[in-house]
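Have a look at the structure below, then the notes.
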Amino acid sequence: MNPADAVSHLTPEHWERANRLLIRKALAEFAHERLITPEETGRGRYAVRSDDGLTEYRFTAVRRALDHWQVDADSIARHRGEDELPLAALDFFIELQKSLGLSEEILPVYLEEVSSTLSGTCYKLTKPPVTSAELARSDFQAVETGMTEGHPCFVANNGRLGFGVHEYLAYAPETAHPVKLVWLAAHRSRAVFTAGAGVEYESFLREELGGATVERFHGVLREQGLDPADYLLVPVHPWQWWNKLSVTFAAEVARRHLVCLGEGDDEYLAQQSIRTFFNTTHPGKHYVKTALSVLNMGFMRGLSAAYMEATPAINDWLARLIENDPVLRATGLSIIRERAAVGYRHLEYERATDRHSPYRKMLAALWRESPVPSLRDGESLATMASLVHVDHEGKSVAGALIERSGLAPAEWLRHYLRAYYTPLLHSFYAYDLAYMPHGENVILVLGDGVVRRAVYKDIAEEIVVMDPDAVLPPEVSRIRVEVPDDQKLLSIFTDVFDCFFRFLAANLATEGILDEDGFWRTVAEVTREYQASVPELADKFARYDLFAPEFALSCLNRLQLRNNRQMVDLADPSGALQLVGTLRNPLAGF
């Protein structure tokens, strides 16, 4: 590739637009998290001053439920004295460094993440615009690669530090570039394969790779005088091989603890989570989730070999729980199980580090079921993140699906809530079980634009049981966590209401499809409908009141601004929360 062509998306026009969009989001989300306090200067007009008071950002905004700031991007102007200055996101963060609590150490790395996010937006602006109405009728992967925003709350949400521009073009989900995975043979003395019930290594790998590919890989080992029976096969992100394993694990390669076998035959597409791949050659085969040592949205996106060992067992446990619970079964909920996992332990790095170290998370992978084989006639799939996607005309995918369905907006919403939200409520109240149910972790099954059921994913790394006395099988015990009683319901209030419904409700209201009162009234009705169906849980409903007047505001950007390398310890998720005041609960009025 010509070096100049690799940056052809970085034009003055695209850069100006990308900066405007990112500053819009920063003003909205930082005001929501009370990092900045916009001053009202007239009806719907606001101003935010820089730390030194000399620069002023002026804009118009609508304030909605949950203290949601809907800022008009085109209204934003930056002034210093009499002069209007161009909008520049990097300047914005430097001018507001103290307000945002950015330390001298974090600031430059955060600016690099912002730069990368802006660059990604510029790339997306070069793509032919696709309307939400078109996306609402598109296939699963066209929807997945058509997303333009990333996480709705995080401002620096496409950092991907570690990717060069050629690697961005090759591996970012929005570039929709087919990828072949690199395969390594890992010596069994240092590698472990674990699997769910009924999955056996040899037959599983042959199904995934095809017999001819397995034989080709075994041939590579035999040519070097090595016995294939001594090795496990591990899929690797190409970036990880070229940038990390071939250098950082050089000793393992030299000693033949690791042997590079070459590329597999199947082509994959990167998903929104960036390190998970969908098999486009055989869509019914498993997703592959790989370790990827790039910094993205508050975490190094590695995979821990130690963590992988319990993954299939946790998935089997949850699948059984759903299967045996009539309420969950009735919602149509399913999970795509992480069926098998393989991890490699670099013994020397393990001796030199603690369990959090990225050096322990460089070589592991898991296989997750594909939702495609579960589809019935007339059904299609879409990432739930797509519901809050807004196209270049200001139209949302949720609005387009409502139109396609022919249902009244509140009726469409009720179908969606019963599929997605009711299972979250029941899991919480019946089992003290919480998921990480954001848009990228949920797949919706659609029929004629109507949500028929939900599929939860990313199970083993994300679910927690918040009852310290819960009886769990030993191999699943790591999902038990201690959470203070008054924070447990934040798994619904923060993760669902504040981080997803807030945006969905605002978009539908802006488009004139369903006003906010109508939205939250419907959420309240579905909540009451669920509660009435399980009267035996009445004590729990009283103890954890979804209709409480307010709830604590838990701030995600504050976590990333404070530590953009390790936002949260997954073993103690409540320990890191940044709670700042309260939000008025939109259900309280109903």
Exercise. Return the set of residues passing side-chain hydrogen bond (donor to acceptor under 3.5 Å, both in side chains) with S246 (not counting sequence neighbours), or none when no residue passes.
Key: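 None.
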Side-chain contact, heavy-atom cut-off 4.5 Å: [X] with [Y]?
X    : Y    : value
S380 : R452 : no
Y416 : L444 : yes
V192 : L232 : no
S334 : I322 : no
I443 : T383 : no

Should the pair [X]-[Y] be classified as a salt bridge under the 4.0 Å nitrogen-to-oxygen rule?
X    : Y    : answer
E263 : R216 : no
E113 : R160 : no
K540 : D432 : yes
D316 : R339 : yes
R190 : E252 : yes
D266 : K285 : yes
K180 : E267 : no
K457 : E440 : yes
E208 : R368 : no
E29  : R558 : no

Taking every non-hydrogen atom, the tightest pair across [X] and [Y]:
X    : Y    : answer
A319 : I335 : N-CD1, 3.8 Å
Y530 : T422 : CD1-CG2, 4.0 Å
S554 : L577 : OG-CD2, 3.7 Å
F278 : S370 : CE1-OG, 4.1 Å
T248 : M362 : CG2-SD, 4.0 Å
P235 : V342 : CD-CG1, 4.3 Å

Closer than 3.5 angstrom, by distance alone: can the side chain of [X] be matched with the main-chain N or O of [Y] as a donor-acceptor pair?
X    : Y    : answer
T145 : Q141 : yes
T331 : L328 : yes
R360 : E350 : yes
E200 : S203 : yes
R329 : E323 : yes
S116 : N158 : yes
R275 : G302 : yes
N243 : W239 : yes
Q240 : L245 : no
R480 : A470 : yes

Self-check item: Derivation and outcome, side chain to side chain donor-acceptor pair (under 3.5 Å), residues T276 and S273
Solution: CA-CA 6 Å; T276 302; S273 64; 3.1 Å; yes
Quiz item: With sequence neighbours left out, what residues match Y231 under ring pair (Phe, Tyr, Trp, His ring centres under 6.0 Å)?
Solution: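 Here the qualifying residues are H187.
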Practice problem: Mark yes or no: R478 above the aromatic ring of Y307, with NZ or CZ under 6.0 Å from the six-membered ring centre and no more than 45 degrees from the axis. | Solution: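 Cation-pi check for R478 and Y307: passes.
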Quiz prompt | Lys NZ or Arg CZ of R188 over Y201 ring: under 6.0 Å, within 45° | solution =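 Output yes; distance and angle both within limits.
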Exercise. Kindly state each residue pair satisfying ring-ring contact (aromatic ring centres under 6.0 Å, His included) with at least one member in residues 316-343, sequence neighbours excluded.
Key: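 Every pair satisfying ring-ring contact (aromatic ring centres under 6.0 Å, His included) with a residue in residues 316-343: there are none.
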Exercise. For ring-ring contact (aromatic ring centres under 6.0 Å, His included), just list the numbers for H438 and F500, CA-CA rounded to whole Å, side-chain angles, deciding distance to a tenth of an Å, and then say yes or no.
Key: CA-CA 7 Å; H438 56 64; F500 199 78; 9.2 Å; no
Aromatic ring pairing [X]/[Y], orientation class (parallel under 30°, perpendicular over 60°, tilted between):
X    : Y    : result
H237 : F277 : tilted
F493 : F551 : parallel
Y421 : F497 : tilted

Practice problem: Evaluate ring-ring contact (aromatic ring centres under 6.0 Å, His included) for F428 paired with Y544, printing each intermediate quantity in order. | Solution: CA-CA 10 Å; F428 177 86; Y544 304 107; 5.4 Å; yes
Rounded distance [0.5 Å steps], [atom1] in [X] versus [atom2] in [Y]:
X    : Y    : atom1 : atom2 : value
L556 : N157 : CG    : CG    : 11.5 Å
T175 : K124 : OG1   : NZ    : 10.5 Å
H415 : L446 : NE2   : CG    : 12.5 Å
L546 : I492 : CG    : CD1   : 6.5 Å
D498 : C555 : CG    : SG    : 8.0 Å

For [X] and [Y], I'd like to know if the aromatic rings sit close, meaning centre-to-centre distance below 6.0 Å.
X    : Y    : result
H177 : Y171 : no
H257 : Y344 : no
Y287 : Y268 : no

Quiz item: Between Y431 and D325, does any side-chain donor sit less than 3.5 Å from a side-chain acceptor?
Solution: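 Per modelled atom types, Y431 and D325 side chains form a pair under 3.5 Å.
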Quiz item: Can you name the one residue among R337, E369, E338, R320 that meets side-chain hydrogen bond (donor to acceptor under 3.5 Å, both in side chains) with N315?
Solution: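 Going through the options one by one, the only one that passes is E338.
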Exercise. Begin with the C-alpha distance, continue with both residues' side-chain angles, and end with the deciding distance and a verdict on side chain to side chain donor-acceptor pair (under 3.5 Å) for E174 and Y168.
Key: CA-CA 9 Å; E174 59 268 20; Y168 167 82; 2.7 Å; yes
Quiz item: Do Y435 and S427 pass the side chain to side chain donor-acceptor pair (under 3.5 Å) test, and can you show the C-alpha distance, the side-chain angles, and the key distance before you say yes or no?
Solution: CA-CA 9 Å; Y435 306 82; S427 297; 3.0 Å; yes
Quiz item: Taking atom OH of Y359 as the centre, does the number of heavy atoms from other residues, nucleotides or ligands within less than 6.0 Å exceed 12?
Solution: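 No, because the 6.0 Å sphere around OH of Y359 holds 12 heavy atoms or fewer from other groups.
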Exercise. Any chance you could lay out the salt bridge (charged side-chain N to carboxylate O under 4.0 Å, His left out) test for E529 and R414, step after step, and finish with the verdict?
Key: CA-CA 11 Å; E529 168 190 275; R414 200 169 278 116; 5.5 Å; no
